[in-house]
Amino acid sequence: MRMLLLSSCLFVGGIASAANDLPGGGIDPDALSRHVRVLASDEFEGRAPATEGERRTVEYLIEQFRKAGVQPGGEDGGWVQEVPLVRAQVQGTPEASLQLGDERVRLVNGEDVTLQSLRPQDEVDVADAPLVFVGYGIDAPERHWDDYKGVDLHGKIAVVLVNDADFESAAPGAFDGRAVTYYGRWTYKFEEAARRGAEGVLIVHETAPAAYPWATVKASGTSPLFDIQRSEAEARAMHTPLRGWMQRALAERIFAAAGLDFETEKRKAMRADFRPLALGDATLSASFWVMREPVVTRNVVAKLEGADYPDESVVFSAHWDAFGIGQPDANGDAVRHGAIDNATGVASVLELARVFAAGPRPRRTLYFIALTAEEKGLLGASYYAEHPLAPLEKTAAVLNIEMFSPDGETADIATWGNGRVSLEADIDQVARARGRRWSPDPNLEAGFFYRADHFAFARKGVPAITVGAGLDKLEGGVAAGRALRDAYFANCYHQPCDAWTPQWDARGLAADTLLVYDLGLELANGRDWPQWNEGAEFGGARKASDAARRP
């Protein structure tokens with residue numbers, strides 16, 4: 001595997017140089033904390049796309065990039081790339097109920113289920129649609145797996161399990177053990193049900209395989225949906241009329257009414273010989289209005305043009321959006337501030353831009369991109385990947401940043417998922433040069449590789465990783481770091497309490513940002529091209545890019 005050779009600027013007598021030896025005084029913890037405090041303030045209203053919060057966010061980012069000394073990198077010489085989307089927002093409160101035998105069970109949206117639609121229609125009106133259990137809802141010919149077995153889902157609601165079939169199995173099977181594949185992602189399940197012609201799809205929520213609690217599902221499920229702009233025919237083909245999630249307790253009740261045990265049937269779904277199962281005579285009715293409207297949101301793009309190879313690029317990215325204003329929490333706070341997720345990442349990109357601009361011009365062009373609509377399905381990154389401002393075949397790497405920790409320093413730094421890409425070894429090398437180390441993602445079952453903006457680039461073959469905080473805290477070790485992480489995901493992920501406080505210790509943010517700088521510096525001034533490791537999902541796409549790049 002190709003390893004980067006650390007440049008002499010990182011070494012003085014064999015010892016890594018101190019952070020304050022970097023241009024511009026190095027990475028400034030106070031600046032990082034200040035950016036997060038501003039972006040996560042009530043004034044920015046939770047930074048939802050296509051809102052007043054977006055306007056303020058974009059203005060702030062442009063102002064900070066300009067102050068940093070980088071140049072506009074967007075369309076037509078400006079600072080932004082417009083991303084045309086469709087916003088679909090449920091109007092009022094959906095009416096929904098189940099018929100279980102002789103009993104009509106009223107469903108409360110946000111409590112029992114979350115119901116939405118991205119289909120191009122103003123009204124959703126589903127009347128007594130039969131429920132069919134389709135296991136994990138996966139069709140993976142290359143893994144010899146088909147949960148659908150030719151079942152006709154027209155006019156029916158597909159009930160689907162979250163994650164994939166190996167998550168709770170005793171041993172790895174057709175998938176990757178507890179390391180979730182793309183087939184385990186909710187986005188895939190919605191898309192596959194649409195391809196099968198289902199009237200609707202409901203994913204059964206369970207905290208462990210979903211990797212987040214119901215509160216997170218409720219926050220996103222009761223927020224507006226966004227989609228890229230499509231023709232009506234394409235949108236109808238891509239989306240079922242109804243989609244959403246249900247609580248496991250509700251699923252257990254539906255299965256029991258059909259004379260079935262939920263856990264038993266779930267175990268059967270872990271096998272390749274599983275067959276779809278009608279859930280007795282259970283039917284779902286749901287009706288609500290949807291306001292659909294075209295909107296334009298924006299990626300904010302800055303650049304530092306390369307001195308020697310300006311047509312080659314390295315991308316630093318983070319998503320600026322959060323979930324806006326929602327239901328008030330127990331303290332009456334309705335703003336979902338998105339401080340850790342992901343004002344920390346945006347702050348790091350701003351600080352990286354400042355430090356790089358203060359130093360010698362890099363050989364390759366650097367792009368600093370604050371991406372929109374990540375929380376809506378990686379839409380800003382996906383749009384950029386389809387409409388790149390720099391050729392993807394000449395993009396050496398994407399270093400995406402997500403959710404750095406405000407809880408002080410760690411001995412390690414992590415990347416999301418198992419990327420099978422040389423950048424993972426590279427970041428370990430720069431970490432060790434500063435007395436730290438890289439830790440592989442300890443929660444592969446959460447599927448984080450498919451849940452961050454780097455994935456949109458990876459699918460196109462560009463070597464890409466998302467860098468995040470490690471768990472091995474200098475004070476308290478892995479146990480302390482894991483406890484803080486678990487508490488965040490259980491209580492504050494996508495909730496109002498993901499907020500900046502004066503107690504934040506930004507030294508960890510600065511230390512992690514420094515390692516991204518070190519790796520970015522190597523990529524900016526080197527002539528190597530990071531590569532996917534043998535067997536990586538996206539290696540084939542990169543080989544095609546390599547061939548196109550060669551003279």
Side-chain angles (χ1 to χ4, degrees), residues 90 92-117 119 121 123-138 147-163 165 168 186 189-190 192-194 196-210 214 217-218 221-222 240-271 273-290:
V90 173
T93 302
E95 294 289 333
S97 64
L98 283 169
Q99 189 69 43
L100 301 178
D102 296 331
E103 184 182 12
R104 176 67 70 174
V105 180
R106 180 176 173 270
L107 303 177
V108 179
N109 194 53
E111 301 302 326
D112 305 305
V113 292
T114 62
L115 301 177
Q116 298 173 314
S117 180
R119 205 97 184 290
Q121 56 194 50
E123 182 182 10
V124 173
D125 189 10
V126 175
D128 293 319
L131 273 59
V132 180
F133 178 52
V134 294
Y136 288 90
I138 295 172
D147 281 329
Y148 290 94
K149 306 292 194 302
V151 65
D152 182 6
L153 289 177
H154 289 85
K156 300 172 184 177
I157 306 296
V159 175
V160 185
L161 299 169
V162 70
N163 213 299
E168 294 185 61
W186 57 266
K189 296 174 191 293
F190 287 147
E192 189 61 41
R196 301 285 169 162
E199 182 74 6
V201 54
L202 290 175
I203 300 174
V204 179
H205 174 263
E206 297 181 86
T207 296
W214 179 258
V217 176
K218 179 178 178 179
T222 55
T240 56
L242 177 70
R243 61 183 253 183
W245 293 67
M246 73 165 80
Q247 294 263 32
R248 173 180 166 133
L250 179 60
E252 291 174 342
R253 185 173 180 179
I254 295 169
F255 277 67
L260 302 167
D261 176 70
F262 174 78
E263 193 63 32
T264 299
E265 301 306 320
K266 179 179 170 182
R267 293 286 168 186
K268 292 179 182 178
M270 296 177 189
R271 297 164 47 106
D273 61 0
F274 164 83
R275 302 195 69 83
L277 182 66
L279 294 176
D281 59 0
T283 62
L284 175 73
S285 297
S287 62
F288 53 91
W289 292 90
V290 180

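The minimum heavy-atom distance between E192 and G137, with the atom names listed, is CG-O, 3.9 Å. Residues L100 and A257 share a closest heavy-atom pair of CB-CB, 4.0 Å. Here the closest non-hydrogen pair linking A269 and A165 is O-CB, 4.1 Å.
Partners of A194 under the side chain to side chain contact (heavy atoms under 4.5 Å, CB included) rule, at least two apart in sequence or in another chain, are T240. Residues satisfying the salt bridge (charged side-chain N to carboxylate O under 4.0 Å, His left out) criterion with D281, sequence neighbours excluded, are absent altogether. For D273, the salt bridge (charged side-chain N to carboxylate O under 4.0 Å, His left out) test picks out R271, with sequence neighbours left out. Under the side chain to side chain contact (heavy atoms under 4.5 Å, CB included) criterion, A96 pairs with L107, L115, A286, not counting sequence neighbours. Remark: R253 engages E103 in a side chain to side chain donor-acceptor pair (under 3.5 Å) (not counting sequence neighbours). For E95, the side chain to side chain donor-acceptor pair (under 3.5 Å) test picks out no residue, with sequence neighbours left out. Residues forming a salt bridge (charged side-chain N to carboxylate O under 4.0 Å, His left out) with E199 (at least two apart in sequence, or on another chain): none. With sequence neighbours left out, E263 forms a side chain to side chain contact (heavy atoms under 4.5 Å, CB included) with R248, D261, K266, R267. Legend: residues meeting side chain to side chain donor-acceptor pair (under 3.5 Å) with K268, ordered by chain and number and at least two apart, are E265. Under the salt bridge (charged side-chain N to carboxylate O under 4.0 Å, His left out) criterion, R106 pairs with no residue at all, not counting sequence neighbours. For D147, the side chain to side chain donor-acceptor pair (under 3.5 Å) test picks out W145, with sequence neighbours left out.
Looking at Q99, its side chain does come within 3.5 Å of a backbone N or O of G101 through a donor-acceptor pair. Although no hydrogens or angles enter the test, the distance criterion places no donor-acceptor pair under 3.5 Å between the side chain of S117 and the main chain of L242. In terms of modelled atom types and a separation under 3.5 Å, the side chain of K189 and the main chain of V162 share no donor-acceptor contact. Without hydrogens or angle criteria, W214 side chain to D112 main chain gives no donor-acceptor distance under 3.5 Å.
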(request) Decide side chain to side chain contact (heavy atoms under 4.5 Å, CB included) for H205 and T207; before the verdict, give the C-alpha distance in whole Å, the side-chain angles of both, and the deciding distance to 0.1 Å. (result) CA-CA 7 Å; H205 174 263; T207 296; 3.5 Å; yes
(request) Go through the steps for E111 and K218 under the test side chain to side chain contact (heavy atoms under 4.5 Å, CB included), then give the verdict. (result) CA-CA 8 Å; E111 301 302 326; K218 179 178 178 179; 2.7 Å; yes
(message) With side chain to side chain contact (heavy atoms under 4.5 Å, CB included) as the criterion, how do L153 and Y148 come out once you've worked through the C-alpha distance, each side chain's angles and the decisive distance to 0.1 Å?
(response) CA-CA 9 Å; L153 289 177; Y148 290 94; 3.7 Å; yes
(message) Let's go through I203 and F190 carefully: what are the C-alpha distance in whole Å and the side-chain angles of both, what is the deciding distance for side chain to side chain contact (heavy atoms under 4.5 Å, CB included) to 0.1 Å, and is it a yes or a no?
(response) CA-CA 9 Å; I203 300 174; F190 287 147; 3.8 Å; yes
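The only option from V217, V108, L250 that meets the side-chain contact (heavy atoms from CB on, under 4.5 Å) definition with V113 turns out to be L250.
Distance CG/L98 to CE/M246: 7.0 Å, rounded to 0.5 Å. Here the straight-line distance linking atom CZ of F262 with atom CD of E206 works out to 4.5 Å at 0.5 Å rounding. Note: N109 CG to T114 OG1 = 6.5 Å, rounded to the nearest 0.5 Å. In this structure, the separation between CG on L279 and NZ on K156 is 11.5 Å, given to the nearest 0.5 Å. With rounding to the nearest 0.5 angstrom, the NZ atom of K149 is 7.5 Å from the CZ atom of F274.
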Expected list for residues 123-136: side-chain donor-acceptor pairs under 3.5 angstrom, two or more places apart:
| residue | atom | partner | partner atom | Å |
| --- | --- | --- | --- | --- |
| D128 | OD1 | R104 | NH2 | 3.3 |
| D128 | OD1 | T283 | OG1 | 3.4 |
| D128 | OD1 | S285 | OG | 3.2 |

